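Numbers for residues simply follow the sequence, beginning at 1. Note that the coordinates shown come from a computational prediction; the quantities given were computed from them, not determined experimentally.
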Amino acid sequence: MATGFRKNMLKRILIFACIIALLFSVDIGRTLYITMVKGDEYSAKAESQQLSDTEIEAMRGTIYDSEGNVLAQSATVWNIFLDPGNIKDDDTRDVVVDNLAKILKLDDKEKSELFANSKKDTRYVVVAKKVDNSVKEKISAFMSAKENKKYKLGTIIGTEQSTRRYYPYGNFASSVIGFTGADNQGLSGVESYYNDELTGTNGRIITVKDANSNKLPTDYETSIEAEDGHSLVLTINQNIQYYLDKNLRETLEEYQCKGAYGIVMDCNTGGILAMSSLPDFDCNEPYKITYSKTKKDIKKLKTKKERAEATSLAIQNQWRNFTVSDTYEPGSVFKVFTACSALEEGVVDLNTKYNCSGSIQVKDKKMNCHYHPGHGMQTLTQGLENSCNPFFITIGQKLGVKNYFKYFEAFGFTQRTGIDLPGEASPQYYKEDQYGIVELSSASFGQTNSLTPIEVCTGIAAVANGGVVLKPYVVSEIKDANGNTVSKSQPTEVRRVISEETAETVRTMMKSVVDNGTGKNGYVAGYNVAGKTGTSTKLAESLGGKTKYIVSFAAIAPSDNPQIAMLIVCDEPNQDLGGGAICAPIAAEVVEQAMTELNIEPRYNEAETKKLSINTPNMVGTTVEKAKDLLSNNDLKCKVVGNGNKVLTQSPSGNTSIPSGGVVVLYTQEDSKQTVTVPDFSGMTISQANAEAANYNLNIEIGGNNLTSSGVVAYNQSIEPNTNAEIGTVITVKFKSTASVLD
């Protein structure tokens, strides 16, 4: 019996040992499974619960103009977040929600969302993004207030550093600068093209947390500094850009154009001094429509869906840089390149003549001149002055397809320019083997082929600089965060296309277009402006409706020592006026400002010298009789106000520019100054404006097209109509010719 008992005991011990061994095996297996199979996963979970990894956003590089003015800059802002897990009671929740709602200026709906978020089963909820430092300071003051210590707000409310992009000048050069999205990525302009250079490397702060997910002291903190992005220095000149924007915008509104575009290029380097594409946008608010006509058109639509679709299209359109991203038929501006090609090949010279009858027959197609009666017998220069289509058709035919296409290609019109802006379009053109006599004839005066404005302006710059095609660019220098130069742009010669002699000859012909031809409104006293007008018909859009046009004006200044090349384009103006009437006045305004900005001194001819203003002599303190003699000797008139014998004040004041023959008001008594309401000179001829100014005892300085007093009317004045001005004040009134051709 004892033996049986022992056997049973041994059996029980063995079973018990097996059970223990099995349990150990399960534990060991579980341990191995956790370690070998699930180790990385559980380790990551543990680390996430013990460590806080906060990304520090790097500052995006600054964008400057050519003079060092800031055009785009990043600033530190803050994201505000909650840790709902540390809100222990409703009283704490109410304090947090009420105060954050007040500081962040939340409406009732937003406050309700904040309250709901504060109850979420999570440790991290963002409640506000990219708030400025003043808001963050208010939140910090609330958290540190003595009466709030008991709520332990430091464990509930947190802040994260971020950045926001600011554009100090809003719409200024927006088509060049572009804008960034919510993630700080560049979406257009140089912000997009140079995104990799502008974007820095983000830093990190890694903090250890306790069992309750609260951050431990900074002794346990590790940080990696953010590296800021590189900065860009643009070729854009702030003042030239300002006047280009201003004049294009005024023209856009006046003629309710579909668009107005302009490029000003340093013809000797290829650097872009100014570039505008209107309608444009405010870089700070790129989703806001800026053009009044667009707003009105959208408002007229009947359904919400139509308005939404039109709004989306309008926003995308104002982001589009037409000067680079779209093509158009350049029209008669292209005659400049036809003339260059023909002169270079020797198929014409300045003595070549042609008798224009108003049209020319090309196979079975009759091609008209814009002047239907015909220009009669003309020289080559006169043909360009008059923008005579039949003349240039014959020139193109003399060139032949092979030579025509050789220069078309050499001027760069078969490929993109390679400008450092996104979305450059490819030209749309006939290949050499696609030309017949009709295609060659129409191409010779600027129809058939479609080019981008930047291509056309680059070609004009080649004529300006003596015959060399240069690669255009908008960024002159890239600098690191410490201001050290990383790279610097240099002029890039693509090829020589014509000789210096040919280029000079064509510039002289273009100057005659401004002095005697269709481009008179491009005239600027003291500077020899060379130019060419252009009009192209939008055939695809004219079917079944009113014909629409794109009008343009190309300019070079000064023609005898070129510094800039320019192209102004207006799309679908609401009046049938050509580039000479609409675009040339813009070019004249910009040339005048650009020459001043580039320190190019005016050189007046004899006729211009006679029209120059003079400085008003300072007569304060002299006797009235002496003042009258002094004014008379300077060919100035006089008006005396008061009964005194001595001049106390005068208008205009001493050393002020005043037109020859102008009136100076002499005050001989205290507090006797007189003012008048400035009249509206718009639409008046020069003689009418002078007479009206005399009636009001005001002086006007004639600007714009004053080559002749006939056929020109006032369109702009330096002091707004119906405002008060002291008698004797000098008002600059700009004139332009209303005689225009759709050439």
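- Donor-acceptor pairing under 3.5 Å is recorded for the side chains of Lys532 and Ser387.
- Between Phe408 and Phe413, the ring-plane angle classifies as perpendicular under the 30° and 60° cut-offs.
- Between Ala410 and Val469, the closest heavy-atom pair is O-CG2, 3.7 Å.
- Counting heavy atoms from C-beta outward, Leu380 and Leu343 have side chains that approach closer than 4.5 Å.
- A donor-acceptor pair under 3.5 Å links the side-chain atoms of Ser325 to the main chain of Gly423, judged by distance alone.
- When only modelled atom types and interatomic distance are considered, Ser175 and Ser277 share no side-chain donor-acceptor pair under 3.5 Å.
- Tyr527 pairs in a side chain to side chain contact (heavy atoms under 4.5 Å, CB included) with only one of the listed residues (Ile600, Asp560, Asn561), which is Ile600.
- When atom types are taken as modelled, the side chain of Thr338 and the backbone of Ser444 share a donor-acceptor pair closer than 3.5 angstrom.
- By the neighbour-count criterion of 12 heavy atoms within 6.0 Å, atom CD of Gln256 is densely surrounded, having more than that number from other residues, nucleotides or ligands.
- Counted by atom type alone, Ser499 and Glu344 present one or more donor-acceptor pairs between their side chains at under 3.5 Å.
- Ring-plane geometry between Trp319 and Phe281 is classed as perpendicular, the angle between the planes exceeding 60 degrees on a 0 to 90 degree scale with a lower cut at 30.
- Asn521 contributes no side-chain N or O that, together with a main-chain N or O of Pro585, makes up a donor-acceptor pair within less than 3.5 Å.
- For the residue pair Ser536 / Gln447, no side-chain donor-acceptor distance below 3.5 Å is found, with atom types taken as modelled.
- The two residues Leu244 and Gly262 make their nearest non-hydrogen contact at CD2-O, 3.7 Å.
- Of the inter-residue distances, the one linking Phe392 atom CZ with Leu384 atom CG reads 4.5 Å to the nearest 0.5 angstrom.
- Using modelled atom types, one side-chain atom of Ser476 and one backbone atom of Val233 make a donor-acceptor pair closer than 3.5 Å.
- The salt bridge (charged side-chain N to carboxylate O under 4.0 Å, His left out) analysis of residues 241-251, with sequence neighbours excluded, yields the pairs Lys246-Glu250, Arg249-Asp280.
- Side-chain contact annotation: Tyr523 with Glu608, donor-acceptor N/O pair under 3.5 Å present.
- For Glu455, there are no salt bridge (Lys or Arg N to Asp or Glu O under 4.0 Å) partners two or more places apart in sequence or in a different chain.
- Between Ile272 and Ile236 there is a side-chain heavy-atom pair separated by less than 4.5 Å.
- In terms of the side-chain hydrogen bond (donor to acceptor under 3.5 Å, both in side chains) criterion, Ser341 has no residue partners (sequence neighbours excluded).
- Within the 4.5 Å cutoff, the side chain of Ile240 has heavy atoms near those of the Val590 side chain.
- A cation-pi contact, defined as under 6.0 Å to the ring centre and within 45° of the axis, is absent between Lys335 and Phe337.
- With sequence neighbours excluded, the residues forming a salt bridge (Lys or Arg N to Asp or Glu O under 4.0 Å) with Glu345 are Lys406, listed by chain and number.
- Partner of Val362 under the side chain to side chain contact (heavy atoms under 4.5 Å, CB included) criterion, out of Pro390, Ser441, Ser442: Ser441 alone.
- Heavy-atom contacts from other residues, nucleotides or ligands closer than 6.0 Å to NZ of Lys431 number more than 12.
- Using a 4.5 Å heavy-atom cutoff, the side chains of Ile360 and Phe391 are not in contact.
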Problem set entry | Steps toward side-chain contact (heavy atoms from CB on, under 4.5 Å) verdict (Phe411, Val336) | CA-CA 11 Å; Phe411 269 110; Val336 170; over 6 Å; no
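- If you take CD1 on Ile686 and CG on Asn705, they are separated by 7.5 Å, rounding to the nearest 0.5 Å.
- Side-chain atoms of Cys583 and Thr533, non-hydrogen and from C-beta on, never get closer than 4.5 Å to each other.
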Donor-acceptor contacts under 3.5 Å from residues 506-513 side chains, at least two apart:
from: Arg507; atom 1: NE; to: Ser559; atom 2: O; distance (Å): 3.0
from: Arg507; atom 1: NH1; to: Val463; atom 2: O; distance (Å): 3.0
from: Arg507; atom 1: NH1; to: Ala464; atom 2: O; distance (Å): 3.3
from: Thr508; atom 1: OG1; to: Glu504; atom 2: O; distance (Å): 3.0
from: Lys511; atom 1: NZ; to: Asp515; atom 2: OD2; distance (Å): 2.4
from: Ser512; atom 1: OG; to: Glu385; atom 2: OE2; distance (Å): 2.2
from: Ser512; atom 1: OG; to: Asn516; atom 2: ND2; distance (Å): 3.0

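- When side chains are defined from C-beta on, Met275 counts as touching Asn321, because their heavy atoms get closer than 4.5 Å.
- To the nearest 0.5 Å, atoms OH (Tyr354) and CD1 (Ile395) are separated by 10.0 Å.
- A donor-acceptor contact shorter than 3.5 Å links the side chain of Asp65 to the backbone of Glu67.
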Exercise. Tyr429 and Glu409: side chain to side chain donor-acceptor pair (under 3.5 Å), yes or no, with the steps?
Worked result: CA-CA 10 Å; Tyr429 62 95; Glu409 188 172 37; over 6 Å; no
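- A donor-acceptor pair shorter than 3.5 Å can be found between the side chains of Glu597 and Asn239.
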Exercise. For Asn268 and Leu470, what are the C-alpha separation, side-chain angles and deciding distance, and is it a side-chain contact (heavy atoms from CB on, under 4.5 Å)?
Worked result: CA-CA 8 Å; Asn268 298 308; Leu470 298 171; 5.6 Å; no
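- For the pair Thr381 and Leu350, the minimum side-chain heavy-atom distance is below 4.5 Å.
- Residue pairs meeting the ring pair (Phe, Tyr, Trp, His ring centres under 6.0 Å) criterion with at least one partner in residues 237-256, sequence neighbours excluded, are absent.
- Nearest heavy-atom pair, Cys369 versus His375, reported as atom, atom and distance to 0.1 Å: SG-CE1, 3.3 Å.
- Side chain of Ser489 to main chain of Val475: a donor-acceptor pair is present (N/O by atom type, distance under 3.5 Å, no hydrogens or angles).
- To the nearest 0.5 Å, the span separating CD on Gln563 from CG on Asp266 amounts to 7.0 Å.
- Within the 4.5 Å cutoff, side-chain heavy atoms of Tyr194 are placed close to those of Ile478.
- In this structure, Arg496 places its CZ atom where more than 12 heavy-atom neighbours from other residues, nucleotides or ligands lie under 6.0 Å away.
- Note that NZ of Lys471 and CD of Gln490 are 13.0 Å apart. Values are rounded to the nearest 0.5 Å.
- At least one donor-acceptor pair closer than 3.5 Å links the side chain of Tyr291 to the backbone N or O of Leu252.
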For this session: Take Glu254 and Tyr715, measure what side chain to side chain donor-acceptor pair (under 3.5 Å) needs, and give me the verdict at the end.
Result: CA-CA 11 Å; Glu254 179 181 357; Tyr715 72 96; over 6 Å; no
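- Under 3.5 Å, the side chains of Glu424 and Thr417 contain a donor-acceptor pair of N or O atoms.
- A 6.0 Å sphere centred on CD of Glu493 holds no more than 12 heavy atoms belonging to other residues, nucleotides or ligands.
- For the atom pair CD of Glu701 and OG of Ser660, the computed distance is 11.5 Å after rounding to the nearest 0.5 Å.
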